[in-house]
Amino acid sequence: MKRNMPTLLLALAAVGVSLHAQPPDIASDSIAGKILYSGPPPVLKHHSLNSEPGCEKQHPEGIMSQEVVLNADHTLQNVLIYVKDGLPNKQYPVPAAPVKVDQSGCMFLPHVIAVMVNQPVQFLNSDANSHNVHAMPAVNRDWNVAQDRGVSGITKFPKFEIGMPVRCNIHRWMQMYINVLSNPFYEVTGKSGAFVIKGLPPGEYTIEAWQEKLGTQTMKVKTGSRANFTFKGRDDVPKP
């Protein structure tokens with residue numbers, strides 16, 4: 001049976017358009033983009049959980065370090081993107097609801113959070129074993145609290161700070177990061193590696209992307225535009 005050639009060409013053209021469709025337009029009050037990774041895959045440290053049977057039951061193969069988490073399309077998770085400069089000099093309302101961090105399977109979940117100055121941060125413990133939450137800021141106050149199962153603790157941080165490490169003093173592999181910001185224009189990337197910062201007054205802004213081991217990058221971007229960052233892999237990512 002003969003195919004109608006013009007019809008076939010039109011069908012192929014339609015498929016080509018769908019496969020190569022342009023990304024959707026960015027809203028006029030927004031900046032959007034992706035966080036990309038280039039270079040060799042990171043070699044990350046493996047942690048056995050045999051010292052904690054309850055956690056080992058959840059992760060029988062152990063866990064990998066969360067220092068660099070790659071998605072299948074070579075975008076990065078756990079990268080903070082925020083507006084660093086260009087905003088009006090004003091104070092923004094602080095959310096009353098806490099940002100929650102759970103300790104589950106001997107891991108902090110999520111690994112990276114962002115909050116506003118003086119916004120509550122609540123630490124939960126879903127594990128059967130005890131943990132010790134130790135925030136080690138550079139400019140805020142130290143916070144060190146033991147937590148048994150089912151116990152929660154709430155704290156606030158009154159000063160701007162990027163990349164504040166938080167560790168469990170009992171389980172050396174447990175670490176996460178808190179970022180304390182003075183404005184609400186930020187996001188932390190997840191499994192898509194994408195971000196959208198919404199609600200900005202029209203204009204040009206300096207935005208910064210922070211990754212715990214790969215450093216920081218900044219870019220000037222106008223609202224309604226796309227901004228992709230590319231972090232290059234390093235050979236010294238794994239740490240003992």
Side-chain angles (χ1 to χ4, degrees), residues 26-35 66 69 76-104 107-126 131 133-145 147 150-168 174-203 205-212 216 218 221 223-224 227 229:
I26 309 301
S28 60
D29 70 343
S30 302
I31 296 171
K34 285 196 171 188
I35 309 298
Q66 301 293 296
V69 180
L76 283 165
Q77 296 185 34
N78 299 326
V79 178
L80 167 74
I81 306 93
Y82 70 101
V83 174
K84 186 174 185 178
D85 194 24
L87 289 166
N89 185 18
K90 60 177 284 188
Q91 288 189 333
Y92 294 91
V94 177
V99 173
K100 296 181 180 182
V101 179
D102 196 9
Q103 295 162 94
S104 177
M107 298 177 68
F108 285 115
L109 300 174
H111 181 68
V112 174
I113 65 168
V115 297
M116 286 188 65
V117 166
N118 284 321
Q119 183 177 2
V121 181
Q122 183 176 17
F123 285 89
L124 310 170
N125 181 10
S126 296
H131 290 294
V133 182
H134 188 186
M136 296 176 291
V139 297
N140 283 283
R141 64 185 181 279
D142 190 89
W143 194 69
N144 192 353
V145 177
Q147 286 188 300
V151 174
S152 68
I154 295 182
T155 188
K156 298 178 182 179
F157 300 98
K159 298 178 182 179
F160 173 91
E161 184 165 351
I162 300 297
M164 180 197 309
V166 179
R167 294 174 183 162
C168 174
M174 289 180 63
Q175 180 161 308
M176 57 89 61
Y177 290 88
I178 298 174
N179 298 281
V180 186
L181 299 163
S182 55
N183 69 70
F185 303 110
Y186 55 81
E187 192 165 351
V188 177
T189 57
K191 293 182 179 180
S192 71
F195 68 91
V196 181
I197 299 175
K198 302 178 181 179
L200 289 163
Y205 297 91
T206 299
I207 59 174
E208 181 166 272
W210 169 90
Q211 204 284 333
E212 64 187 85
T216 60
T218 58
V221 189
T223 48
F229 292 87

Seminar exercise, completed: Scanning both residues in full, the closest heavy-atom pair of Leu80 with Ala114 reads CD1-CB, 3.8 Å
Exercise. Between Val117 and Pro158, which heavy-atom pair has the shortest distance, and what is it?
Worked result: CG1-O, 3.1 Å
Which pairs would a plain distance check flag for residues 187-198, meaning a side-chain donor or acceptor within less than 3.5 Å of a matching protein atom at least two apart in sequence or in another chain?
| residue | atom | partner | partner atom | Å |
| --- | --- | --- | --- | --- |
| Glu187 | OE1 | Val196 | N | 2.8 |
| Thr189 | OG1 | Leu76 | O | 2.9 |
| Thr189 | OG1 | Asn78 | N | 3.3 |
| Thr189 | OG1 | Val79 | N | 3.0 |
| Ser192 | OG | Ala194 | N | 3.2 |

Exercise. Can you find a heavy atom in the side chain of Phe123 that is under 4.5 Å from one in the side chain of Val145?
Worked result: no
Problem set entry | Under the side chain to side chain donor-acceptor pair (under 3.5 Å) test, residues paired with His111 that sit two or more places apart | Glu212
Exercise. Closest approach of Gln147 and Asn125, non-hydrogen atoms and distance?
Worked result: O-ND2, 3.2 Å
Exercise. Which heavy-atom pair separates Ile26 from Ala32 by the least distance, and what is that distance?
Worked result: CD1-CB, 3.5 Å
Exercise. Ring pair (Phe, Tyr, Trp, His ring centres under 6.0 Å) with Phe157: which residues, sequence neighbours excluded?
Worked result: none
Problem set entry | Partners meeting side chain to side chain donor-acceptor pair (under 3.5 Å) with Asn183 (sequence neighbours left out) | none
For this session: Only counting residues at least two apart or in another chain, list the ones meeting side chain to side chain donor-acceptor pair (under 3.5 Å) with Gln211.
Result: none
Problem set entry | Partner set under side chain to side chain donor-acceptor pair (under 3.5 Å) for Asp102, not counting sequence neighbours | Ser126
Exercise. Quick check: does any side chain N or O of Thr223 sit under 3.5 Å from a backbone N or O of Gly203, one acting as donor and the other as acceptor?
Worked result: yes
Using residues 84-101 as the side-chain source, report each donor-acceptor pair under 3.5 Å to any protein atom, sequence neighbours left out, with the distance given to one decimal.
| residue | atom | partner | partner atom | Å |
| --- | --- | --- | --- | --- |
| Lys84 | NZ | Glu208 | OE1 | 3.0 |

For this session: For Glu161 and Val139, indicate whether the former's side chain and the latter's backbone hold a donor-acceptor pair under 3.5 Å.
Result: yes
Exercise. Can you name the nearest heavy-atom pair linking Gln119 to Tyr186, along with the distance?
Worked result: OE1-OH, 4.0 Å
